[in-house]
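Comments concern the structure below.
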Amino acid sequence: MARNRTIIDCYTDEPAGLGVPPFLGVWARYVAGGYRDLPNYLTIDDLRLANKKYKPKKHKIDPPHGKTDKGLINATRSYKQSKKIIKNTDQFIFVAGLQTPGKYLSTKPGSLSEIKRLTKNIEVPKILTGPAAEYGSQTC
């Protein structure tokens, strides 16, 4: 039975895991390579955007007057597209975990507590992978 799978990239930070343009990290590529049919791909920003609490009022980026929302800046889909993909997903694969401490200037990595909060009402199988699953994580 084919499943409609979706990879949620919560961003990893490992010295050897730097992505290549368009900077898709190695963990998400490893996961996608393990399936016969390519899964959907969303970022944690897409998941945040699909959650009503994070739905932007105007624009996610509003310089020079507004403030850039680092939690939404890397969304790959619109609000409606993200909601549709999430609604039609039969299995989520989360790629998460930070190994390198630091301040993130252009993104907000997803934490396990945030993943749990954003998906608590979604009742499909969820798989955790990446450094958070293998080694533990500073965001756990």
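The structure displayed is predicted, hence computed values, not measured ones.
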Between [X] and [Y], is any pair of side-chain heavy atoms under 4.5 Å apart?
X	Y	result
Pro39	Thr6	no
Leu47	Leu42	no
Thr76	Asp9	no
Val95	Ile8	no
Val124	Phe92	yes

Quiz item: Do you know which two heavy atoms are closest between Ala132 and Leu112, and how far apart they sit?
Solution: CB-CD2, 4.3 Å
Quiz item: Which atoms form the tightest heavy-atom contact between Ile122 and Leu118, and what is the distance?
Solution: CD1-O, 4.3 Å
From [X] atom [atom1] to [Y] atom [atom2], the distance as rounded to the nearest 0.5 Å:
X	Y	atom1	atom2	answer
Lys83	Asp46	NZ	CG	13.0 Å
Ser82	Lys87	OG	NZ	14.5 Å
Asn51	Glu114	CG	CD	9.0 Å
Arg77	Tyr41	CZ	OH	9.5 Å
Ile44	Ile115	CD1	CD1	5.5 Å
Leu49	Ile86	CG	CD1	8.5 Å

Quiz item: Under the 3.5 angstrom rule, does the side chain of Thr12 hit a backbone N or O of Gly97 as a donor-acceptor pair?
Solution: no
Quiz item: Would you find a donor on one side and an acceptor on the other, under 3.5 Å apart, between the side chain of Ser78 and the backbone of Gln81?
Solution: yes
Quiz item: How would you list, by chain and number, every residue that makes a side chain to side chain contact (heavy atoms under 4.5 Å, CB included) with Asn88, sequence neighbours excluded?
Solution: Asn4, Lys84
Self-check item: Qualifying residues under side chain to side chain contact (heavy atoms under 4.5 Å, CB included), relative to Gln91, sequence neighbours excluded
Solution: Arg3, Arg5, Tyr35, Ile93, Pro125, Ile127
Exercise. Decide side chain to side chain contact (heavy atoms under 4.5 Å, CB included) for Thr129 and Trp27; before the verdict, give the C-alpha distance in whole Å, the side-chain angles of both, and the deciding distance to 0.1 Å.
Key: CA-CA 8 Å; Thr129 186; Trp27 284 94; 4.0 Å; yes
Exercise. Could you tell me which residues satisfy side chain to side chain donor-acceptor pair (under 3.5 Å) with Thr119, sequence neighbours excluded, listed by chain and number?
Key: none
